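Please read the structure below before turning to the comments.
On a predicted model such as this, the values are computed, not experimentally measured, just so you know. To find a chain, count down the sequence lines: A is the first, B the second, and so on, and within it residues start at 1.
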There are 2 protein chains.
Amino acid sequence: MTASAPVVFVVDDDASVRKSLTRLISSAGYAVKTFASARDYLAHAPPKGPCCLILDVRMPGLTGLELQEALAGAAHRRSIVFITGHGDVSMSVKAMKGGAVDFLTKPFDSKDLLAAIQRAVAKDVRDRGDEAKVSDIQARVRTLTPRETEVFALVVTGMLNKQIGAALGIGEKTVKVHRARVMDKMRAGSVAELVRLADGLGVIAAKE
Amino acid sequence: MTASAPVVFVVDDDASVRKSLTRLISSAGYAVKTFASARDYLAHAPPKGPCCLILDVRMPGLTGLELQEALAGAAHRRSIVFITGHGDVSMSVKAMKGGAVDFLTKPFDSKDLLAAIQRAVAKDVRDRGDEAKVSDIQARVRTLTPRETEVFALVVTGMLNKQIGAALGIGEKTVKVHRARVMDKMRAGSVAELVRLADGLGVIAAKE
DNA sequence: GCGGCTATTGGACCAAAGTCCGATAGGGCG
DNA sequence: CGCCCTATCGGACTTTGGTCCAATAGCCGC
């Protein structure tokens, strides 16, 4: 498994459009997968590697915008580039507010699309990295016992062992034991690292 | 100086539009200031309290989009809501990519504009809070001597005093002295707080 | 009930951090 | 030339944090 090319998913009901987009995008070095409808795309297994989505806005069944909404609640974010023949302003604004990377109207310049794809893939890679980090940290947190979790929360507050013990109604000695286990389970080499792990849970997710 | 109402800055070359917008917006409880051109707005002193900008896209001289670009390099971010009579998709996409809160085409619903203003002001308040925090921290960092700054950087790495001393070619004892001064000047009560101050410099600014 | 996990603590001990004291030395400035 | 800031250390001491070994007790599942 070497690092393969990013995958561009194209969802468009027009077969000729799918064909021409496939030619254009694959010639730029991307892998391409096409779908004739939003439903077909949703039935497909979520992508594992770097990728982005090219959506036609107008489609029978779910529209591109509706697909975007449906994916907003999904586990990972997707980078979406919209293309449309009959776009209006409110449509494009809605798409962009929904986090779309770009919104192109036909006819568009090939290099504009490729540039948008590049940005979208880059965004996807960033998002994936963040998600991977967060879920990695969450996995470590889940290995903590309830008590360890409490101690963890107070340690990253900057409280002394003594104070933590008082707050939890246990001895300082016990705090030390839990604390050591927390450092071990969280794989933190110092308090500074531990604080970053704790803050990373919120910060990375919030940075949008 | 009590907490006064948020100020909505309206920039539009059409006097009748300015008048009707002023009526609408002030009736919703906002203070309103109008400008006939982008240049007039730029000549105006930057706002101190919560505010947002309503920009017409088409204007003689600098357009709304150009004003947005000009403000992008400014000290603080502005929350911008665009309104336009003849908007096209590429225009709206550009505005949204540039961080606009909304992009409305005339004729628009009054409540849509007021909702957009509300979101824009809320965003402005958030941004101002973040900027205030960052500049506060930066001010503290500036009071550090060069050596203290170096020690500061290494402490938040999680390094031990001994290691820091070795890295800087000074004794552990000296590190302690600097470290104590850093904690004092940065007003941090614990290493955890210090780490948050250090990380806050980057994180808050990056969260966009 | 036995084994394992969790939570709790004790003692001993070492390493690290923080706090007082004082000291030296170079640079910039009135 | 004194004065202050900065940077550098030393000693002495206390408080914290971390580690190792060992022990008790409750709970859960097989």
Checklist entry - Charged N to carboxylate O below 4.0 Å: is that the case for A:D124 and A:R78? => result no

Checklist entry - For the pair made of CZ in B:R179 and C1' in C:dT19, what is the distance, rounded to whole Å? => result 14 Å

Item to check | Distance, rounded to the nearest Å, where B:K162 contributes NZ and C:dG18 contributes P | outcome: 15 Å

Item to check | Protein-nucleotide distance (B:E172, atom CD; D:dG11, atom P), rounded to Å | outcome: 13 Å

Next on the checklist: Does the plane of the ring in A:H44 sit parallel, tilted or perpendicular to the ring in A:F35? Use 30° and 60° as the thresholds.
Outcome noted: perpendicular

Item to check | Length of the line joining B:F152:CZ and D:dA7:P, which is rounded to integer Å | outcome: 15 Å

Item to check | Nearest-angstrom distance from the residue atom CG of B:N161 to P of C:dA17 | outcome: 4 Å

Checklist entry - Which whole-number value in Å describes the distance from A:R147 CZ to C:dC5 C1'? => result 16 Å

Next on the checklist: Nearest whole Å is fine: how far is D:dG18 P from A:K173 NZ?
Outcome noted: 12 Å

Item to check | More than 12 heavy atoms from other groups under 6.0 Å of NZ on B:K33 | outcome: no

Checklist entry - Does the side-chain contact (heavy atoms from CB on, under 4.5 Å) test come out yes or no for A:L194 and A:M186, once each step is laid out? => result CA-CA 7 Å; A:L194 197 68; A:M186 295 300 291; 3.9 Å; yes

Checklist entry - Want to settle it: does A:K176 or B:P146 sit nearer the 5' end of DNA chain D, counting the closest nucleotide to each? => result B:P146

